[in-house]
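Each remark here refers to the structure printed beneath this line.
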Amino acid sequence: MTKPTAAMRQAIAEAEVGDDVWGEDPTVNKLETYAAAILGKPSAMFVPSGTMANQISIRELTNPGEEMIVEADAHIVHYENGAASALAGIQPALLKGERGILTPEQIENAIRIPDIHAPPTTLICLENTHNRAGGTIYSIETISEIHNIASSKNIAMHLDGARLFNAACATGISAKHYASHFETVAFCLSKGLGAPIGSMIVSSNERISRMRRIRKMYGGGMRQAGILAAAGLYALEHNIPKLHDDHKHAKLLSLNLEEIPGIGIDSTATQTNIVVFDVGSVSKNPDKLVDTLRNEGVLVSRFTSTTFRAVMHLDITEEDVLYAIQVLKRTLSQTN
Ligand SMILES: Cc1ncc(COP(=O)(O)O)c(C=O)c1O
């Protein structure tokens with residue numbers, strides 16, 4: 001939902017470009033070098049979307065007929081059209097997390113015992129922050145324990161870190177430290193960081209070279225992509241500290257929603273920039289809620305029949321949040 005700022009548009013306009021399919025776009029190369037450095041990995045690759053970043057990683061880390069452990073409400077499960085099964089031939093083993101967070105014990109119990117009948121577990125995917133759980137964060141200790149289990153059994157780890165910098169901002173733990181536990185990390189330059197298009201995968205040199213081929217196979221090879229990379233680079237250089245404001249705004253919204261009788265929300269679950277709330281006991285007409293709010297300039301998306309998501313980003317001010325709270329209070333009493 002973000003719009004590029006004038007300064008970001010300026011960076012786009014001035015970008016030096018070349019053909020990135022041939023590795024000759026200087027701005028893409030600069031972005032990839034920068035992203036690899038801040039994530040502490042040898043190499044990085046620019047891709048059009050977070051979905052493609054996840055799917056290229058899954059394809060790289062698995063073989064058809066194997067199994068990956070993934071949280072049941074993960075983006076990879078809900079919103080990627082079954083791509084891991086369709087494109088990588090992978091069977092997902094779905095585990096339900098507490099607020100989207102899996103425990104090391106759950107994962108250990110779900111790893112297949114080698115058996116001629118069983119699809120071998122070869123990949124564990126974690127999502128940090130977790131979108132459908134409302135932007136919740138994995139503790140670094142949990143990730144580290146999961147990593148120890150995975151490496152003792154030769155299982156790869158992929159991080160869907162679409163909002164990894166939100167986790168880093170909220171905890172003070174560097175994105176690099178989080179990334180050190182995973183073979184591949186995907187993160188988005190769009191969303192909270194404010195670029196119009198683009199995501200990154202970071203990994204080893206060998207994996208990134210193989211994944212360049214998979215990106216081409218998936219139709220993600222781009223030509224003069226430097227105009228997009230310039231926006232991504234601008235986002236990484238300027239917009240990471242701004243995520244703190246988004247977290248403050250989300251907390252303000254969720255604390256206020258908690259005051260409205262009947263709204264189902266636990267503000268302790270609001271850990272970053274996403275607010276998920278349930279209107280089941282106040283609104284008799286949740287079907288109309290998205291449109292009614294949109295007409296008042298407040299955008300929310302629907303998660304289930306009665307739960308909704310509001311996301312903060314760099315175009316939203318504190319006044320906007322206060323306005324949204326007023327609209328929500330009024331609207332929810334009207335739809336009763
Ligand atoms: C956790 C998570 N992963 C991946 C994605 C996919 O990103 P994209 O929309 O760029 O494909 C999203 C998008 O909302 C997301 O929330």
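As the structure lists them, so they are numbered: ligands from 1, and atoms in each ligand from 1.
Scanning all protein heavy atoms for the shortest distance to atom 9 (O) of ligand 1 gives K191 NZ, 3.6 Å. Nearest protein heavy-atom contact of atom 6 (C) of ligand 1 is H75 CE1, 3.3 Å. Among all non-hydrogen protein atoms, the one lying nearest atom 3 (N) of ligand 1 is D160 OD2, 2.7 Å.
Side-chain atoms of D73 and H130 form no donor-acceptor pair, as typed in the model, at a separation below 3.5 Å.
With distances taken over non-hydrogen atoms, the option nearest atom 2 (C) of ligand 1 out of S49, A162, G100 is A162. The closest non-hydrogen atom to atom 10 (O) of ligand 1, taken over S199, S301, G50, G198, comes from G50.
The closest approach between any non-hydrogen atom of M52 and ligand 1 is not below 4.0 Å.
Every atom of ligand 1 is numbered from 1 in the order shown, and the set under 4.0 Å from a heavy atom of E127 is 1 (C). The atoms of ligand 1 that sit less than 4.0 Å from any heavy atom of R163 are 1 (C), 14 (O), 15 (C), 16 (O). Taking every non-hydrogen atom of N131 and a distance limit under 4.0 Å, the qualifying atoms of ligand 1 come out as 16 (O).
Where the criterion is an N or O separation shorter than 3.5 Å, residue side chain and backbone included, T51 meets it with respect to ligand 1.
Between F187 and F165, the distance from one ring center to the other falls under 6.0 angstrom.
Between D266 and R99 there is a salt bridge, since a side-chain N of the basic residue sits under 4.0 Å from a carboxylate O of the acidic one.
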**Message:** Is there a side chain to side chain contact (heavy atoms under 4.5 Å, CB included) between I124 and H147? Walk through the geometry before answering.
**Reply:** CA-CA 9 Å; I124 297 167; H147 170 72; over 6 Å; no
**Item:** salt bridge (Lys or Arg N to Asp or Glu O under 4.0 Å) between E183 and R207, intermediate numbers included
**Value:** CA-CA 9 Å; E183 269 71 28; R207 289 197 186 284; 5.5 Å; no
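With hydrophobic clusters built from ILVMFWY side chains whose heavy atoms lie under 4.5 angstrom apart, V21 does not share a cluster with I197.
By the criterion of a heavy-atom distance under 4.0 Å, neither the backbone nor the side chain of I76 is placed next to ligand 1. Under 4.0 Å from ligand 1, not a single heavy atom of H130 appears.
When each of H313, E318, H244 is paired with H249, the side chain to side chain contact (heavy atoms under 4.5 Å, CB included) condition holds for E318 and for no other. D20 pairs in a salt bridge (Lys or Arg N to Asp or Glu O under 4.0 Å) with only one of the listed residues (R212, R215, K30), which is R215.
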